[in-house]
Amino acid sequence: MTTATPPAAALPWARAGTPKPSASWPRRLTHVVRARLLARTHADTTPAAPRTGAPAGAVAAETPPGIEELYHHRRLSLVRLAVLLVDDLPTAEDVVQDAFTALFRRHGHRLAALDDPEAYLRTSVVNGARSVLRRRRTVRAHVPAREEHAPAPEEDVLLHEDHREVLAALRTLTRRQREVLVLRYWSHLTEAEIAATLGLSRGAVKSTASRALDALERRLEGLR
């Protein structure tokens with residue numbers, strides 16, 4: 001597969017009104033955590049995470065999209081998602097490549113059998129990231145830790161200090177807490193979509209997100 005420049009036309013599986021993932025997502029997560037901290041300090045308001053999810057209805061396409069089109073349009077965003085889960089760009093690229101390879105082996109070039117190919121790939125990437133983290137836990141007792149992926153120089157320039165603190169605190173969460181927050185604030189998924197991706201109930205997603213935000217608050221308070 002090659003990584004050609006994607007056309008500007010909207011994709012058949014793109015959800016109407018869904019914001020495009022961008023490097024600004026740490027700012028949204030920072031805003032939520034800061035707002036909760038402020039609300040607790042004043043003790044006179046109830047914190048509420050902002051709802052940015054878009055309607056889940058997909059635009060029907062007469063001709064199902066092909067795997068090449070899906071690869072060109074969604075590979076980069078899936079790699080970014082994987083990086084947030086595994087903290088390692090080369091490994092994240094491998095996870096995404098494996099997800100596309102498995103999709104091709106199972107469904108071929110056309111994806112007519114899948115109602116939502118992007119959701120299928122997203123779940124595959126999350127499961128692949130989980131496998132990577134399990135293998136790391138197994139080998140770290142016997143093999144020296146590999147050098148961590150260093151962020152690009154422009155990342156440090158663009159991210160404010162408190163945004164970097166939030167991302168660092170995100171890495172201290174449990175795997176499930178981290179997955180829920182990344183899917184919520186990076187991928188803009190609704191509670192129902194996160195539940196489907198992770199194989200959880202909507203109630204479990206809501207409670208996990210609440211505990212994760214509480215943990216981030218405590219972590220950030222400890223840095224002050």
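Starting from 1, each residue takes its place in the sequence as its number. Not measured: the values here are computed from a predicted model.
Using a 4.0 Å cut-off between charged nitrogen and carboxylate oxygen, D87 and R178 count as a salt-bridge pair. The existence of a salt bridge linking D88 and R136 is confirmed by a sub-4.0 Å separation between a basic side-chain nitrogen and an acidic carboxylate oxygen.
One finds the CZ atom of R211 at 13.5 Å from the CG atom of L216 (value rounded to the nearest 0.5 Å). Here the NZ atom belonging to K206 is positioned 11.5 Å from the CD1 atom belonging to I194, to the nearest 0.5 angstrom. Within the model, atoms CG of L103 and CG of L70 stand 7.0 Å from one another, a figure rounded to the nearest 0.5 Å. Taking CD1 of I67 as the reference point, atom NE2 of H107 lies at 9.0 Å (rounded to 0.5 Å). Atoms CZ and CG, on R80 and L76 in that order, are 4.0 Å from each other to the nearest 0.5 Å. If you take CD on E68 and NE2 on H73, they are separated by 12.5 Å, rounding to the nearest 0.5 Å.
Without hydrogens or angle criteria, S187 side chain to R184 main chain gives no donor-acceptor distance under 3.5 Å.
The number of heavy-atom neighbours closer than 6.0 Å to CZ of R176, taken from other residues, nucleotides and ligands shown, is 12 or below.
Smallest separation of non-hydrogen atoms from A169 and R219: CB-CG, 3.3 Å. Pairing each heavy atom of A82 with each of V125, the nearest pair is CB-CG1, 3.9 Å.
Scanning for salt bridge (Lys or Arg N to Asp or Glu O under 4.0 Å) contacts around R175 gives E179, with sequence neighbours left out. Shown here are the side chain to side chain donor-acceptor pair (under 3.5 Å) partners of T174, two or more places apart in sequence or in another chain: Q177. Among residues two or more places apart in sequence or in another chain, the side chain to side chain donor-acceptor pair (under 3.5 Å) test is passed with S131 by R134.
Counting only heavy atoms from C-beta outward, the side chains of F100 and L78 approach each other to under 4.5 Å. Side chains of L85 and V132 form no contact here, defined as non-hydrogen atoms less than 4.5 Å apart. In this structure, V79 and L89 have side chains that are in contact, with non-hydrogen atoms separated by less than 4.5 Å. Considering only heavy atoms from C-beta on, V96 comes within 4.5 Å of R75 through its side chain. Under the 4.5 Å side-chain criterion, counting only non-hydrogen atoms from C-beta, E118 is in contact with R122. When side chains are defined from C-beta on, R106 counts as touching Y120, because their heavy atoms get closer than 4.5 Å. A 4.5 Å side-chain heavy-atom check between L181 and L173 finds at least one atom pair inside the cut-off.
Looking at T197, V205, L198 one by one, the single match for side chain to side chain contact (heavy atoms under 4.5 Å, CB included) with L189 turns out to be T197.
Transitive grouping of hydrophobic side chains (ILVMFWY, heavy atoms separated by less than 4.5 Å) keeps L183 and L133 in distinct clusters.
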